[in-house]
Amino acid sequence: MTPGAWTSWPSREALSREGLTRARRILARVVRGVALTALVWSAAAERGVHGWTLALAPIVLIACGAAAVGFFRTTLDHMLWPSVGLLALLMGGAFLAEQTGFRGPALVLWCGCAVSALERLPLTAVIPLTAGALTGFAILNNDAWFTTAVTTVGLCLAGYVLRLDAEARGNAQRLLRQERAARAAEAESAALTERARIAREIHDVLAHSLSAQLVHLEAARLLIERGADLGQIHERVVAARAMARDGLTETRQALSALRGEMTPLEDFLRELVAADGATVSVEGERRPLSVEASQTVRRVAQEALTNVRKHAPGAKTQVRLEYGTDEVTLDVRDSGPGAAPGELGVSGSGYGLLGMRERAELLGGTLEAGPCEEGFAVTLKVPV
């Protein structure tokens with residue numbers, strides 16, 4: 001036993017009624033009722049007690065009851081000296097009862113003080129108080145010495161077992177409270193993660209859509225400055241309008257994806273490249289992907305194709321989706337600029353692929369982007 005165990009109190013959860021089942025609450029009330037009944041009955045059954053002593057008995061009984069209630073409350077608040085004082089008052093009531101002829105109530109009080117001290121006080125206070133209560137019981141008891149010794153040992157065991165049981169219940173209550181706190185923290189963390197995911201999805205959709213619109217509007221501005229044909233300018237404006245409409249569609253798709261309603265990834269890629277004349281190839285056995293992994297593949301494909309339009313207009317583009325054993329790979333590569341990128345290549349923030357790389361790393365994947373044999377390649381790998 002550690003030195004601190006001698007001065008430590010039973011936990012507040014152990015001393016309170018928190019966590020008691022209905023059956024145990026009823027049992028505790030029955031035990032208290034039996035003890036009170038025994039106390040009153042033994043006092044009433046005493047013979048040879050009369051006069052002022054008999055008149056004083058109810059007052060002493062009420063005082064002892066008040067002291068017992070106070071003892072339970074002060075021990076619950078871990079107030080040592082008030083608790084010791086109240087228990088000493090109860091032991092004094094037992095001694096007074098013995099001296100005035102109330103032997104039965106005295107025996108009940110001595111036993112109750114011994115058991116209560118063992119159950120509710122630090123061990124440093126338990127030893128002298130319990131020893132005093134059991135000594136008073138042994139002196140007062142008229143049974144044979146062996147019976148008295150067995151009863152004394154039984155009272156010690158009863159008090160200690162009650163203490164251990166209360167501590168076990170207190171530990172269970174603390175663990176339950178910690179588990180509830182952990183669940184609440186986990187739920188809060190999950191909510192924050194979900195909010196971050198929703199914000200990331202909406203951000204990626206808007207960034208892709210607005211970036212594509214900016215490409216066409218920038219082209220329209222350059223055409224206007226050069227005095228180009230009105231039809232060419234109109235074509236760029238119409239394209240920007242189409243990008244805005246597509247952005248709204250993608251936003252709706254993102255919201256549907258957040259609800260778990262997504263079109264197959266292969267179909268999405270084919271629809272995505274339809275306007276650019278790119279080719280899509282799918283390799284490996286199709287496997288179900290998590291919502292986060294599927295959305296990452298979609299966003300990287302969109303960002304890579306947008307970059308092709310900005311920096312390599314007219315280039316031939318190949319999109320390859322490969323399902324592996326442990327990961328899925330998306331490879332988007334172009335054949336290099338089919339026409340000079342000119343001023344269009346400087347539009348946009350330049351942080352698109354960086355954001356996609358961070359997004360892939362959140363899933364434990366990788367994203368590589370750089371020049372290849374002919375043009376530029378973007379390769380994404382995320383675990384399935």
Side-chain angles (χ1 to χ4, degrees), residues 189-212 246-247 250-251 253-273 276 278-312 315 317-334 348-373 375-384:
S189 176
L192 292 175
T193 301
E194 183 66 13
R195 291 173 187 171
R197 185 168 76 92
I198 292 173
R200 190 165 55 247
E201 292 296 335
I202 300 302
H203 170 270
D204 291 343
V205 169
L206 293 178
H208 166 73
S209 174
L210 294 177
S211 177
D246 292 342
E250 290 176 10
T251 302
Q253 290 176 350
L255 294 176
S256 297
L258 291 172
R259 293 191 295 264
E261 305 168 359
M262 291 190 295
T263 58
L265 183 56
E266 299 83 354
D267 297 342
F268 174 83
L269 293 177
R270 292 189 179 96
E271 293 175 1
L272 184 64
V273 304
D276 298 304
T279 60
V280 177
S281 61
V282 180
E283 302 175 6
E285 183 179 356
R286 179 181 174 184
R287 303 183 62 182
L289 302 179
S290 65
V291 174
E292 292 83 359
S294 179
Q295 284 295 90
T296 299
V297 173
R298 295 165 194 252
R299 296 293 167 255
V300 170
Q302 288 177 326
E303 181 65 28
L305 291 174
T306 298
N307 287 339
V308 171
R309 298 188 194 104
K310 289 168 56 177
H311 303 287
T317 308
Q318 295 179 344
V319 179
R320 180 175 63 88
L321 180 66
E322 179 183 356
Y323 289 98
T325 304
D326 300 320
E327 62 184 11
V328 62
T329 302
L330 174 71
D331 185 78
V332 181
R333 59 184 60 217
D334 59 67
S349 63
Y351 293 107
L353 289 178
L354 177 61
M356 293 299 102
R357 181 176 288 110
E358 294 174 351
R359 184 176 182 135
E361 291 174 352
L362 286 175
L363 298 176
T366 60
L367 186 141
E368 298 178 358
C372 60
E373 298 175 356
F376 197 84
V378 177
T379 303
L380 168 72
K381 294 182 179 181
V382 291
V384 295

Quick check: closest heavy atoms across Val384 and Thr325, and the distance to 0.1 Å?
CG2-O, 3.9 Å
What is the minimum heavy-atom distance between Cys372 and Ala377, and which atoms define it?
CB-CB, 3.9 Å
Just verifying a value: how many Å separate Leu363 CG and Glu327 CD, rounded to the nearest 0.5 Å?
12.5 Å
Approximate separation, where rounding is to 0.5 Å, of Thr329 OG1 and Lys381 NZ
5.0 Å
Approximate separation, where rounding is to 0.5 Å, of Arg299 CZ and Leu330 CG:
13.0 Å
More than 12 non-hydrogen atoms from neighbouring residues, nucleotides or ligands closer than 6.0 Å to CD on Glu285, yes or no?
no
Looking at Gln318, is its backbone amide N or carbonyl O close enough to the side chain of Arg333 to form a donor-acceptor pair, meaning the two atoms are under 3.5 Å apart?
no
Could you grab the distance from atom CG of Leu380 to atom CD of Glu303, nearest 0.5 Å is fine?
12.5 Å
4.5 Å side-chain heavy-atom contact, Val332 and Thr317:
yes
Met356 CE to Gln302 CD distance, which is reported to the nearest 0.5 Å
8.5 Å
Would you say Glu266 has more than 12 foreign heavy atoms packed within less than 6.0 Å of its CD?
yes
Locate the shortest heavy-atom distance separating Arg287 from Gly324; write the atom from each residue and the value.
NH1-O, 3.2 Å
Run the numbers on Val273 and Thr279 for side-chain contact (heavy atoms from CB on, under 4.5 Å), then give the verdict.
CA-CA 7 Å; Val273 304; Thr279 60; over 6 Å; no
To the closest 0.5 Å, what do you measure between CZ (Arg298) and CG (Leu272)?
10.0 Å
Within the structure provided, determine whether Val282 and Tyr323 are in side-chain contact (heavy-atom separation under 4.5 Å).
yes
